[in-house]
Every structure is written in structure tokens, then in C-alpha cells.
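Take a look at the structure below.
Values below: all heavy atoms of this structure, side chains included; hydrogens, waters and symmetry mates excluded. Since the structure is predicted, the reported quantities are computational estimates derived from the model, not experimental observations.
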Amino acid sequence: MKSLEERQKILIVDDSKFNQELLMEILGENYQYIVANDGLEAISILQKDWTIDLMLLDINMPKMNGFEVLEYMNKYQWINEFPVIVISAEEETSIIEKAYNLGLLNIFNVLLMHLLLNEEL
């Protein structure tokens, strides 16, 4: 197993502790995790740590939502530096379209995530 410093770093941005833990459980022990409970906390982390390999971003959060995080990242051209996958239970086409237009890599549905974990159990 790789040392903590050698593992890829994933920033999980979600206000739900359950979802944070679920994502870490699904992805396993091969990564180093940093957790932000809202968008403002995520921006603060990104300003200090340019070694993030991937951000998993929830859309619906207090203080600063996922769209606002993506807009901030676009404004400062960070979207090219930090790959983003949105984690959301949202299924509306307009919401998905808006997220793609703001530069994310993919959308992973939370309901699908729950099903995948239950299949493994």
C-alpha cells in the first residue's frame, strides 16, 4: 500500500457526513481524503492546496452551493487545474446541464452510489 503522501488526494465537498463516509467507503483506502462541509470551506482548501487530484462536489449545500463553487473556479480559471465530479441526487436535466456548462467532468447520482454500496454488502 502506498504511503499517505503517495496517494492521490480527493477533496470531498458535501454537507452530509453520511455521504462523505459513503464516498470514502466506496473509493477505499487507496486515496488521501480531505473533507469540506460546504462550498466556502472547499474554496478555502483549494486556495491553500494545489495538490488536489479530484474534487467530488455536492450541489445542494449551505453557505456556498456547488454551482457557486464551479462559478468561482471558472472565474479564477481553477476549473482546468482541479477535475470535478458532481455528486448529487438531482435528476433534473436543467441542473445537470448547468453543471456541465460550468466545467465539471461527470455527475454521479447519490442514489446510484447507495445502490452500488448495497450490492457490495
Side-chain angles (χ1 to χ4, degrees):
M1 181 179 284
K2 292 181 179 180
S3 71
L4 192 59
E5 295 80 29
E6 296 173 329
R7 295 180 197 174
Q8 289 183 308
K9 201 180 287 185
I10 297 176
L11 173 59
I12 298 175
V13 187
D14 198 315
D15 60 321
S16 165
K17 296 286 182 202
F18 178 81
N19 287 346
Q20 293 169 0
E21 291 173 10
L22 184 60
L23 284 166
M24 289 186 272
E25 177 72 24
I26 289 171
L27 295 171
E29 298 177 3
N30 294 324
Y31 302 98
Q32 181 180 356
Y33 299 105
I34 299 172
V35 175
N37 296 306
D38 59 59
L40 285 176
E41 196 175 330
I43 294 299
S44 176
I45 290 168
L46 292 174
Q47 288 173 332
K48 298 172 191 164
D49 189 348
W50 283 77
T51 64
I52 303 291
D53 295 297
L54 176 66
M55 181 181 355
L56 302 178
L57 178 66
D58 185 25
I59 292 293
N60 296 316
M61 295 179 293
K63 297 182 184 175
M64 178 185 261
N65 68 37
F67 291 130
E68 293 168 322
V69 171
L70 291 170
E71 288 168 0
Y72 189 96
M73 292 177 71
N74 276 309
K75 179 179 178 181
Y76 293 99
Q77 299 175 353
W78 294 358
I79 203 75
N80 300 322
E81 302 297 324
F82 303 105
V84 179
I85 296 176
V86 166
I87 306 297
S88 179
E90 298 293 338
E91 294 183 8
E92 286 184 40
T93 306
S94 62
I95 291 173
I96 294 168
E97 222 172 84
K98 182 176 180 180
Y100 275 115
N101 288 338
L102 288 169
L104 69 102
L105 287 177
N106 207 339
I107 293 183
F108 194 76
N109 189 287
V110 172
L111 299 174
L112 177 60
M113 187 169 61
H114 290 287
L115 290 173
L116 287 174
L117 186 61
N118 287 333
E119 287 293 317
E120 292 178 11
L121 300 175

| field | Results of ring pair (Phe, Tyr, Trp, His ring centres under 6.0 Å) for Y72 - residues two or more places apart only | value | Y76, W78

| Beyond-backbone contact of I10 with L23, side-chain heavy atoms, under 4.5 angstrom | no

| Within-4.5 Å side-chain heavy-atom neighbours: L70 and V84 | yes

| message | To the closest 0.5 Å, what do you measure between CD1 (I12) and CG (L22)? | response | 9.5 Å

| D14 CG to N60 CG distance, which is reported to the nearest 0.5 Å | 9.5 Å

| Over all atoms of both residues, closest heavy-atom pair of N37 and M61 | O-SD, 4.5 Å

| remark: In short, D15 meets P62 closest at the heavy-atom pair OD2-CD, 3.5 Å

| query | Between atom CE of M24 and atom CD of Q20, what is the distance when rounded to the nearest 0.5 Å? | reply | 6.0 Å

| In this structure, are over 12 heavy atoms from other groups packed under 6.0 Å from Q47 atom CD? | yes

| query | Which atoms form the tightest heavy-atom contact between A42 and A36, and what is the distance? | reply | N-CB, 3.6 Å

| Does any non-hydrogen side-chain atom of N65 lie less than 4.5 Å from one of E68? | yes

| request: Give the intermediate values and the outcome of side-chain contact (heavy atoms from CB on, under 4.5 Å) for residues V13 and I45. | output: CA-CA 10 Å; V13 187; I45 290 168; over 6 Å; no

| task | Would you indicate whether the side-chain heavy atoms of M73 and N80 approach each other to under 4.5 Å? | result | no

| query | Can you pull the salt bridge (charged side-chain N to carboxylate O under 4.0 Å, His left out) pairs that have at least one residue in residues 36-54, sequence neighbours excluded? | reply | K9-D49, D38-K63

| said: For S16, give me all partners under side chain to side chain donor-acceptor pair (under 3.5 Å), at least two apart in sequence or on another chain. | reply: none

| Given side chains that start at C-beta, do those of L46 and I52 come closer than 4.5 Å, heavy atoms only? | yes

| query | With no hydrogens and no angle check, is any side-chain donor or acceptor of R7 less than 3.5 Å from a backbone partner on Y33? | reply | no

| message | To the nearest 0.5 Å, what is the distance between CG on L11 and CE on M55? | response | 5.5 Å

